[in-house]
*Asks:* 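Structure below; questions to follow.
First the proteins, then the strands, lettered A, B, ... as listed; each starts at 1.
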Number of protein chains: 4
Amino acid sequence: MTAPLGPTDAEGAINEAAKRYSNWGRWGEDDVLGTLNFLDEAKRREGAALVRRGASFSLSQRFDMNGPQKGWRRRTNPVHTMLATGTDAALGSQGFPHGIGGADDVIAMPLQCSTQWDGLGHIFDHGKAWNGRDAAKTVTSDGDLVTGIEHMAPYVAGRGVLLDVGRVIGDERGELPDGFAITEEHLTATAEAHGVAVGRGDIVVVRTGRLARSRREGWGDYAGGDSPGLSFTTAGWLHTSEIAAIATDTWGFEVRPNEFEGAFQPLHQVVIPNMGLLIGEMWDPDALADDCAHDGVYEFWLTAAPLPITGAVGSPVNPVAVK
Amino acid sequence: MTAPLGPTDAEGAINEAAKRYSNWGRWGEDDVLGTLNFLDEAKRREGAALVRRGASFSLSQRFDMNGPQKGWRRRTNPVHTMLATGTDAALGSQGFPHGIGGADDVIAMPLQCSTQWDGLGHIFDHGKAWNGRDAAKTVTSDGDLVTGIEHMAPYVAGRGVLLDVGRVIGDERGELPDGFAITEEHLTATAEAHGVAVGRGDIVVVRTGRLARSRREGWGDYAGGDSPGLSFTTAGWLHTSEIAAIATDTWGFEVRPNEFEGAFQPLHQVVIPNMGLLIGEMWDPDALADDCAHDGVYEFWLTAAPLPITGAVGSPVNPVAVK
Amino acid sequence: MTAPLGPTDAEGAINEAAKRYSNWGRWGEDDVLGTLNFLDEAKRREGAALVRRGASFSLSQRFDMNGPQKGWRRRTNPVHTMLATGTDAALGSQGFPHGIGGADDVIAMPLQCSTQWDGLGHIFDHGKAWNGRDAAKTVTSDGDLVTGIEHMAPYVAGRGVLLDVGRVIGDERGELPDGFAITEEHLTATAEAHGVAVGRGDIVVVRTGRLARSRREGWGDYAGGDSPGLSFTTAGWLHTSEIAAIATDTWGFEVRPNEFEGAFQPLHQVVIPNMGLLIGEMWDPDALADDCAHDGVYEFWLTAAPLPITGAVGSPVNPVAVK
Amino acid sequence: MTAPLGPTDAEGAINEAAKRYSNWGRWGEDDVLGTLNFLDEAKRREGAALVRRGASFSLSQRFDMNGPQKGWRRRTNPVHTMLATGTDAALGSQGFPHGIGGADDVIAMPLQCSTQWDGLGHIFDHGKAWNGRDAAKTVTSDGDLVTGIEHMAPYVAGRGVLLDVGRVIGDERGELPDGFAITEEHLTATAEAHGVAVGRGDIVVVRTGRLARSRREGWGDYAGGDSPGLSFTTAGWLHTSEIAAIATDTWGFEVRPNEFEGAFQPLHQVVIPNMGLLIGEMWDPDALADDCAHDGVYEFWLTAAPLPITGAVGSPVNPVAVK
């Protein structure tokens with residue numbers, strides 16, 4: 001476990017990283033895609049060429065009441081209810097002719113409740129949203145009026161890379177402990193162990209083993225509690241690598257407790273509003289990771305299409321990897 | 001516009017088609033995937049090879065209050081609300097340290113409100129669900145206990161084919177009128193005009209132009225009203241072709257009014273519970289269709305991953321096509 | 001129909017009324033009840049003495065999908081769904097012992113969708129909430145942090161008075177036309193015709209007949225459209241009379257279109273944030289009104305208890321009158 | 001703590017009580033009110049005469065995310081979100097003229113999540129609903145088609161009686177322990193200690209102190225866990241007394257664990273579908289109870305009006321007592 005970055009000037013360190021790794025203006029002042037701009041057509045051709053066997057994997061957790069949410073920040077688990085059922089249909093009281101019956105359903109859920117993308121309007125830095133916009137005018141109670149996740153709908157498909165840090169760096173179960181801060185060195189060592197390169201436009205999936213632990217031990221504080229995750233110090237790597245997006249099997253992407261005392265998600269503060277990085281959380285890479293460990297291939301075609309919910313600052317997603 | 005099939009023995013015709021085109025037992029008595037079984041790894045390799053340019057397209061309508069739903073069957077448009085906003089963050093009252101602020105959101109929506117898959121538990125025939133199961137024990141108020149859409153989560157990625165029947169058969173705008181029943185002949189002629197073949201394991205997207213018309217004229221009765229769509233008589237083609245799935249740009253897939261007087265969605269009754277066919281509705285193929293008309297290529301890689309909502313009989317989806 | 005107040009200085013007129021009829025500070029700077037302070041224990045004793053027959057009446061519309069909402073301002077009709085049903089119970093699959101079965105349900109609804117109270121945090125005037133508070137710090141996306149409707153939970157019970165303006169001033173059906181501005185003179189004439197006095201601490205229910213018309217003709221634009229209602233000029237009477245609350249059978253309490261060209265709900269702007277008046281909308285006084293017309297008694301005991309939804313700026317309510 | 005009724009013939013005992021205390025047919029075969037029929041106009045006159053001081057009390061818990069629900073049976077705490085806020089209004093971006101601003105809100109909640117009435121369609125006995133109806137045809141996924149709680153909307157106002165069993169029988173804090181079964185003797189002794197009579201048409205509020213304990217110690221298993229409550233053996237008293245309704249400060253009205261091993265809410269099974277008794281749960285009688293202890297008056301006017309949610313099997317409620 002990496003030592004905390006200390007009680008030193010947290011806000012100064014955050015501000016410095018925010019400035020150093022900013023992509024404001026890089027794609028014009030009207031940009032609504034952030035680092036997703038790195039994922040271009042060439043990258044998609046490269047990704048599609050990775051489909052060798054045709055095997056497909058979902059990287060999504062389930063959406064139901066048996067999830068990890070406990071109500072923190074009014075985040076509940078999804079409530080799925082039926083408008084009509086087969087039980088009704090079998091009873092013959094639905095009023096349809098000729099023996100047809102139907103079932104319909106409804107869901108109510110926070111967009112950050114299970115496997116998700118954080119939209120660019122999800123985090124602000126000193127009142128500024130992505131690309132230097134005024135947060136107050138960007139995300140109101142009418143939603144994200146500028147960078148809503150609907151703008152990303154066509155684009156999140158390309159080359160995926162799994163970095164199974166849990167298996168390479170972690171314990172015999174392939175798991176990292178809570179509070180473990182994954183550094184650039186860990187990421188690089190993992191990629192080397194896998195024999196895979198990470199570069200511009202990639203969608204990187206980092207497996208910490210945190211979800212596997214919850215699957216074994218129960219949710220506990222999986223959502224909102226302590227966790228392994230990316231170190232604040234990876235901000236530079238996240239910027240320099242020019243990846244399009246990154247996702248983890250944890251609720252909050254970065255290590256918890258945070259490395260600065262008294263800070264709250266400082267890496268989010270740097271990478272979402274300043275870098276414009278697309279972040280995925282609560283992904284389930286475990287089936288894919290088993291396959292990768294078996295065949296030694298850690299790159300694949302990945303489609304992780306957010307629902308185009310107008311003005312949303314996040315979206316549930318079922319990422320599908322194909323090898 | 002095709003003539004109605006008449007007031008003759010509708011229930012008899014439905015029952016005969018249901019029996020003739022049944023796939024019950026074809027994939028074992030425990031099957032939960034239906035025709036998605038046709039989409040195998042070889043088909044995925046074939047589909048991935050269609051990525052030539054790397055251009056990607058979303059085939060999803062937006063999810064928001066400006067949708068077509070009017071409350072029929074308690075189907076509303078999605079209600080998206082914010083748990084926290086940039087306006088709050090800018091005010092500095094969120095209680096987070098060091099200048100970080102955040103926005104979160106919530107959605108409540110019917111799973112059949114916008115671009116969607118119908119799950120296998122969505123329709124019943126005389127009290128029977130897919131594979132001959134008792135509807136009463138398959139879909140209760142706890143959801144679809146057997147064939148919930150979560151089972152399909154990893155698999156809906158393969159070769160997609162667009163059949164732009166609107167452009168080939170329709171008017172100068174590329175649109176078919178309400179009540180137009182698309183027959184096997186129309187489908188075949190369209191495929192021939194496109195120079196594309198449809199076969200086992202494909203995901204077929206049929207464009208009628210109905211959505212384009214609503215975009216021009218306003219929603220009107222787009223959701224639940226009259227519409228072009230597949231003729232009841234295509235049941236045989238849907239069965240013989242062994243496609244994995246089919247989707248349209250209309251609310252209800254089949255032609256409305258239905259061809260039998262007094263019937264309600266008879267093609268659904270045949271193809272979902274009996275054939276096990278995966279049906280998509282309210283897709284938006286228009287941007288893709290423009291591109292296909294331009295380059296003459298009507299086949300592509302398609303990922304249309306349902307959210308794994310446990311026990312759901314449908315799912316919102318953002319289908320992404322890559323050419 | 002009263003003539004519009006004209007295109008003259010609307011904002012000036014609103015500001016003047018806001019200042020003249022302000023109750024800011026009247027009940028101390030911590031006040032969260034506004035004019036509900038007028039409803040004291042003596043008034044409740046007076047109200048209880050009005051229970052002569054023991055007949056009770058609900059003044060609430062139903063809460064269901066067949067309501068008037070069409071989605072304006074994301075106001076939908078309530079969506080009520082079942083978590084368990086008698087159909088399931090009868091099937092015997094609920095897993096309970098000894099023959100017990102159960103049904104449970106869920107609702108999703110805007111708090112302003114049907115019969116309701118407007119809380120004190122519902123309307124602001126130039127960034128100010130009730131009692132001169134900063135609106136930005138009073139009602140955030142966490143809700144009304146100060147004047148949430150939960151504070152009123154114990155108090156809304158007292159003497160009710162029905163002013164059936166529709167019957168006294170309106171057409172043979174007892175209905176006023178859309179755009180009809182009810183003035184102080186109309187209110188006074190109605191009270192005189194009824195032989196009832198209105199005074200300090202009363203809860204006044206004004207019947208326009210607008211709901212009765214919708215019941216006959218269909219909802220049309222009942223929610224959000226044109227309507228009879230209180231004239232802007234009644235602000236003085238509302239202030240001087242020292243009533244505790246007032247409710248109407250219309251969606252918006254005041255006359256629509258508003259009397260100032262280009263204004264939006266100017267009477268709300270005066271009476272909620274400045275006067276602190278509790279306003280009810282979409283009430284259904286018709287059954288009670290019929291009874292009052294029959295026995296000539298227009299005063300009664302009235303309980304109209306909002307649900308104590310923490311931080312809410314409104315609440316559904318089932319007002320119950322007893323005569 | 002009363003001894004369990006034993007592992008003896010639970011189902012037999014339940015069936016015998018169900019038969020013995022049945023009110024099926026008592027108010028005609030179309031009845032939708034059950035024991036609420038006992039609450040007549042004379043009783044309302046009697047109740048109104050109890051308003052002596054004019055002091056009013058809410059008997060409702062709050063409705064918010066800080067409630068006791070943990071997701072059992074998909075029962076969550078209420079999720080209240082804002083559609084518009086004062087923060088937005090102060091920013092001036094709402095688009096309204098002349099300085100008016102507004103806030104609106106939305107709620108999603110189970111109808112059984114906080115202070116509530118159980119409707120007559122909430123519980124079934126061997127497939128039978130209240131008055132002997134077929135449960136399968138009474139409560140479908142369209143809701144309670146016959147005995148929906150909307151039918152009770154005008155009537156739940158009358159004489160209330162508080163039986164503070166916690167104070168009379170319980171410990172020095174006025175609290176009963178979990179598993180304490182309140183018997184007819186306890187109820188009678190409490191009424192005698194209070195100097196109050198309980199009779200036909202009354203609404204009885206039983207205070208166990210369970211809520212007060214949760215307020216002190218945290219929710220724990222308040223919702224769904226062990227609790228003091230009415231003994232199964234009170235069924236006779238509930239029947240003979242001809243009360244209109246009864247409510248407790250616990251989640252489940254009857255003692256938990258239930259007195260029969262392996263049973264689930266057997267008193268519910270007897271009193272709701274067979275007796276037609278209106279039951280309230282999760283009420284908060286504590287402020288009222290303090291007042292009653294102070295002035296020695298345990299009877300009052302009580303209005304506890306359910307929201308007329310069409311087809312609901314329960315309703316949130318803010319009961320208001322006036323003394």
*Asks:* Taking the side chain as every heavy atom from C-beta outward, state whether C:Leu111 and C:Trp117 have any atom pair closer than 4.5 Å.
*Replies:* no
*Asks:* Taking the basic N atoms (NZ, or NE/NH1/NH2) and the acidic carboxylate oxygens, is any pair closer than 4.0 Å for D:Asp144 and D:Arg133?
*Replies:* no
*Asks:* Would you mind checking which part of C:Phe57 comes under 4.5 Å of any heavy atom in chain D, side chain (CB onward), backbone (N, CA, C, O), both or neither?
*Replies:* backbone
*Asks:* Considering only heavy atoms and a distance below 4.5 Å, find which of D:Gln94, D:Gln61, D:Arg44 pairs most often with chain C.
*Replies:* D:Arg44
*Asks:* Can you list the steps and then say if D:Arg74 with C:Asp105 is a salt bridge (Lys or Arg N to Asp or Glu O under 4.0 Å)?
*Replies:* CA-CA 9 Å; D:Arg74 281 177 286 171; C:Asp105 37 13; over 6 Å; no
*Asks:* Give the member of D:Pro97, D:Gly314, D:Ala90, D:Ala304 that has the highest number of heavy-atom pairs under 4.5 Å with chain C.
*Replies:* D:Pro97
*Asks:* Please classify the contact of C:His80 with chain D as side chain, backbone, both or neither, using a heavy-atom distance under 4.5 Å.
*Replies:* side chain
*Asks:* Under 4.5 Å between any side-chain heavy atoms of D:Ile272 and D:Trp130, yes or no?
*Replies:* no
*Asks:* Of all of C:Thr303, C:Thr81, C:Asn66, which one pairs up most often with chain D through heavy atoms under 4.5 Å apart?
*Replies:* C:Thr303
*Asks:* Heavy-atom cut-off 4.5 Å, strictly under: side chain, backbone, both or neither for C:Arg73 against chain D?
*Replies:* both
*Asks:* Any idea which of C:Val139, C:Val106, C:Ile100 has the most non-hydrogen atom pairs under 4.5 angstrom with chain D?
*Replies:* C:Ile100
*Asks:* Taking side chain as everything from C-beta outward and backbone as N, CA, C, O, which of these in D:Ile123 sits under 4.5 Å from a heavy atom of chain C? Side chain, backbone, both or neither.
*Replies:* both
*Asks:* Less than 4.5 Å to any heavy atom of chain D: does that hold for the side chain of C:Ala129, its backbone, both, or neither?
*Replies:* neither
*Asks:* Below 4.5 Å from any heavy atom of chain D, which atoms of C:Val322 appear? Answer side chain, backbone, both or neither.
*Replies:* side chain
*Asks:* Determine, for C:Arg159 against C:Glu46, whether the closest basic-nitrogen to carboxylate-oxygen distance falls under 4.0 angstrom.
*Replies:* yes
*Asks:* Are the side chains of D:Val156 and D:Leu36 in contact, using a 4.5 Å heavy-atom criterion?
*Replies:* yes
*Asks:* Among the options D:His268, D:Arg75, D:Met65, D:Glu11, pick out the one with the most heavy-atom pairs lying under 4.5 Å from chain C.
*Replies:* D:Glu11
*Asks:* Which of the residues C:Ala55, C:Ser56, C:Ala108 is involved in the greatest number of heavy-atom pairs with chain D at under 4.5 angstrom?
*Replies:* C:Ser56
*Asks:* Under a 4.5 Å heavy-atom cut-off, does chain D meet the side chain of C:Ile309, its backbone, both or neither?
*Replies:* both
*Asks:* Measure C:Thr138 against the heavy atoms of chain D and call it side chain, backbone, both or neither at under 4.5 Å.
*Replies:* neither
*Asks:* Which of the residues C:Thr115, C:Asp104, C:Val313 is involved in the greatest number of heavy-atom pairs with chain D at under 4.5 angstrom?
*Replies:* C:Asp104
*Asks:* Do C:Pro316 and C:Leu307 come within less than 4.5 Å of each other through their side chains, counting heavy atoms only?
*Replies:* yes
*Asks:* Tell me which of these, D:Ala157, D:Gly262, D:Gly121, has more heavy-atom pairs under 4.5 Å with chain C than the rest.
*Replies:* D:Gly262
*Asks:* Just give me the residue among D:Ala321, D:Gly311, D:Gly101, D:Ser114 that pairs up with chain C most often, heavy atom to heavy atom, under 4.5 Å.
*Replies:* D:Gly101
*Asks:* Are C:Leu120 and C:Met152 close enough that some pair of their side-chain heavy atoms sits under 4.5 Å apart?
*Replies:* yes
*Asks:* I'd like to know if the side chain of D:Thr310 pairs up with that of C:Asp64 as donor and acceptor (distance under 3.5 Å, no hydrogens or angles considered).
*Replies:* yes
*Asks:* For C:Pro78, is it the side chain, the backbone, both, or neither that has a heavy atom closer than 4.5 Å to a heavy atom of chain D?
*Replies:* neither
*Asks:* Could you tell me whether the side chains of D:Asp118 and D:Gln112 share a donor-acceptor contact shorter than 3.5 Å?
*Replies:* no
*Asks:* Spell out, as yes or no, whether a donor-acceptor pair under 3.5 Å connects the side chain of D:Asn77 to the backbone of D:Gln69.
*Replies:* yes
*Asks:* Looking at D:Gly102, D:Gly119, D:Gly127, which makes the most heavy-atom pairs under 4.5 Å with chain C?
*Replies:* D:Gly102
*Asks:* Examine whether an atom of C:Val317 lies under 4.5 Å from a heavy atom of chain D, and if so say whether it belongs to the side chain, the backbone or both; otherwise answer neither.
*Replies:* backbone
*Asks:* Looking only at the side chains, is there a donor atom on one of D:Gln269 and D:Asp125 sitting less than 3.5 Å from an acceptor on the other?
*Replies:* yes
